[in-house]
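Shown below is the structure under consideration.
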2 protein chains.
Amino acid sequence: MYTEQQKEIALFAKVFGHPARVAILQQLFKIDACYCGDLSEEIGLAQPTISQHLKELKTLGLIKGTVEGVKVCYCIDRENWTKMKTVMHQFLDQDIPKADCC
Amino acid sequence: MYTEQQKEIALFAKVFGHPARVAILQQLFKIDACYCGDLSEEIGLAQPTISQHLKELKTLGLIKGTVEGVKVCYCIDRENWTKMKTVMHQFLDQDIPKADCC
DNA sequence: AATATTAATCGTAATATTGCAATTAAACAA
DNA sequence: TTGTTTAATTGCAATATTACGATTAATATT
């Protein structure tokens with residue numbers, strides 16, 4: 001039905017398609033690492049909700065979490081983030097036709 | 001709850017979060033202009049479904065449609081596509097911390 | 001005017017997403 | 001061991017998305 005590339009682009013885009021996940025990622029970029037509870041406070045969503053969003057980001061490989069005692073430290077997965085960027089840039093930076101056709 | 005920027009990123013990403021819309025956009029890039037019916041055949045979804053996806057893309061301003069007799073010609077809105085890219089690049093190209101923290 | 005062609009809209013069923021309270025699990029502290 | 005803290009999981013209600021048949025609207029053709 002769709003090419004693998006189209007499905008991959010859609011999957012990455014979908015995970016960015018909710019402001020809570022955008023906010024989580026921006027926070028991880030900003031402070032480098034963060035605990036689930038801190039994100040819950042910072043963003044203003046209940047802990048299970050944040051946990052769910054973190055899971056989706058982790059499933060796609062964009063973040064990783066390490067158990068630190070009773071907490072879990074989350075951070076951007078640099079390697080996979082870079083790979084994702086390649087895919088998204090390829091899509092976003094397609095050659096635009098020189099002139100509007102209509 | 002969320003910043004305007006976060007909401008804007010999420011809105012753009014959301015519209016890319018379905019392979020049908022990715023396919024539509026790639027087709028518009030490829031052939032420069034396309035009729036709704038042609039997209040329906042090319043992509044393999046019913047005409048009302050394509051029409052609905054086109055509407056979402058149009059609402060965000062990423063494409064525009066011009067009535068040509070009994071058909072409607074769709075194409076990428078170059079100006080808005082460029083603006084969208086600025087927003088998305090700002091998000092995707094954030095400085096990644098030098099080292100993994102966990 | 002009657003017919004044909006194309007796209008938009010409506011209505012609706014199926015599915016997916018989101019958010020959270022309640023609970024469970026895991027690690028630490030006393 | 002017993003409690004404490006933090007995060008994951010479960011269950012569920014509310015909402016949103018997706019797809020399409022049927023219909024409508026608009027333009028063109030005969």
Residues V22(B), Q5(A); criterion side chain to side chain contact (heavy atoms under 4.5 Å, CB included); working and verdict = CA-CA 10 Å; V22(B) 172; Q5(A) 190 213 17; over 6 Å; no
Can you tell me how far C1' of dC10(C) sits from CD of Q47(B), to the nearest Å?
->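 Value for this atom pair: 13 Å.
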Determine: side-chain N/O of S51(A) to OP1/OP2 of dA7(D), distance under 4.0 Å, yes or no.
->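 No.
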Short side-chain N/O contact from T49(A) to OP1 or OP2 of dT18(C), under 4.0 Å |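 No.
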Where along residues 67-75 of chain B does a heavy atom come under 4.0 Å from DNA chain C, residue by residue in number order?
->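 Here the set is V70(B), K71(B), V72(B), Y74(B).
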Find out whether Q47(A) and S51(A) are in side-chain contact, i.e. whether some heavy atom of one side chain is under 4.5 Å from a heavy atom of the other.
->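 Yes, their side chains come closer than 4.5 Å.
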Going by atom type alone, with no hydrogens or angles, which donor-acceptor pairs under 3.5 Å involve a side-chain atom of residues 71-80 of chain B and a protein atom two or more places apart or on another chain?
{"from": "D77(B)", "atom 1": "OD1", "to": "E79(B)", "atom 2": "N", "distance (Å)": "3.3"}
{"from": "D77(B)", "atom 1": "OD1", "to": "N80(B)", "atom 2": "N", "distance (Å)": "3.1"}
{"from": "D77(B)", "atom 1": "OD2", "to": "N80(B)", "atom 2": "ND2", "distance (Å)": "3.4"}
{"from": "R78(B)", "atom 1": "NE", "to": "P97(A)", "atom 2": "O", "distance (Å)": "3.1"}
{"from": "R78(B)", "atom 1": "NE", "to": "K98(A)", "atom 2": "O", "distance (Å)": "3.2"}
{"from": "R78(B)", "atom 1": "NH1", "to": "K98(A)", "atom 2": "O", "distance (Å)": "3.4"}
{"from": "R78(B)", "atom 1": "NH1", "to": "D100(A)", "atom 2": "OD1", "distance (Å)": "3.4"}
{"from": "R78(B)", "atom 1": "NH2", "to": "K98(A)", "atom 2": "O", "distance (Å)": "2.7"}
{"from": "N80(B)", "atom 1": "ND2", "to": "G61(B)", "atom 2": "O", "distance (Å)": "3.1"}

Between dA7(C) (P) and L54(B) (CG): distance, integer Å |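 Result: 9 Å.
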Check step by step if side-chain hydrogen bond (donor to acceptor under 3.5 Å, both in side chains) holds for Q26(A) and Q6(B).
-> CA-CA 9 Å; Q26(A) 287 186 329; Q6(B) 286 164 347; 2.8 Å; yes
Gap between atoms OH and P, on Y35(B) and dA28(D) respectively (whole Å) =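 Checked: the OH to P distance equals 12 Å.
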Roughly, in whole Å, what's the span from CD1 in I63(B) to C1' in dA7(C)?
->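 Taking CD1 of I63(B) and C1' of dA7(C), I get 13 Å after rounding.
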5′-ward residue of the pair C36(A)/Q52(B) relative to DNA chain D =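 Nearest-nucleotide comparison on DNA chain D picks C36(A).
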Side-chain heavy atoms of F29(A) within contact of D95(B), under 4.5 Å =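 F29(A) does not reach D95(B) side chain to side chain.
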Starting at atom CD1 of I50(A), determine the distance to atom C1' of dT9(D), rounded to an integer number of angstrom.
->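 After rounding, the reported distance stands at 16 Å.
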Once you apply the 3.5 Å cut-off to both distances, tell me the Watson-Crick or G-U wobble partner of dT30(D), or none.
->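 With both distances under 3.5 Å, dT30(D) matches dA1(C).
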Do I63(B) and V67(B) share a hydrophobic cluster (ILVMFWY, side-chain heavy atoms under 4.5 Å, transitive)?
->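 Shared cluster, yes.
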Verify the contact: side-chain N or O of H53(B) to OP1 or OP2 of dA19(D), cut-off strictly under 4.0 Å; return yes or no.
->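 For dA19(D), OP1/OP2 do have a side-chain N/O of H53(B) under 4.0 Å.
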K55(A) NZ - dT9(D) C1' separation (whole Å) =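 Distance, rounded to whole Å: 7 Å.
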Sugar-phosphate only, base, or nothing, as touched by K58(B) at under 4.0 Å among non-hydrogen atoms |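 Counting heavy atoms under 4.0 Å across all strands, no contact is made by K58(B).
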Side chain of A46(A) only, please: which of dA19(D), dT17(D), dC20(C) is the nearest?
->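 Of the options given, the side chain of A46(A) lies nearest dC20(C).
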Hey, would you say the F12(B) and W81(B) ring centroids sit under 6.0 Å apart?
->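 That pair fails the under 6.0 Å test.
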Of the listed nucleotides dA16(D), dT9(D), dA19(D), the one nearest the side chain of Y2(A) =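 Ranking dA16(D), dT9(D), dA19(D) by closest atom to the Y2(A) side chain puts dA19(D) first.
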Within this structure, what is the CG-to-P distance between L11(A) and dA16(C), rounded to whole angstrom?
->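 About 13 Å, once rounded to whole Å.
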Length of the line joining E56(A):CD and dG19(C):C1', which is rounded to integer Å |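 Atom-to-atom, E56(A) to dG19(C), this comes out as 12 Å.
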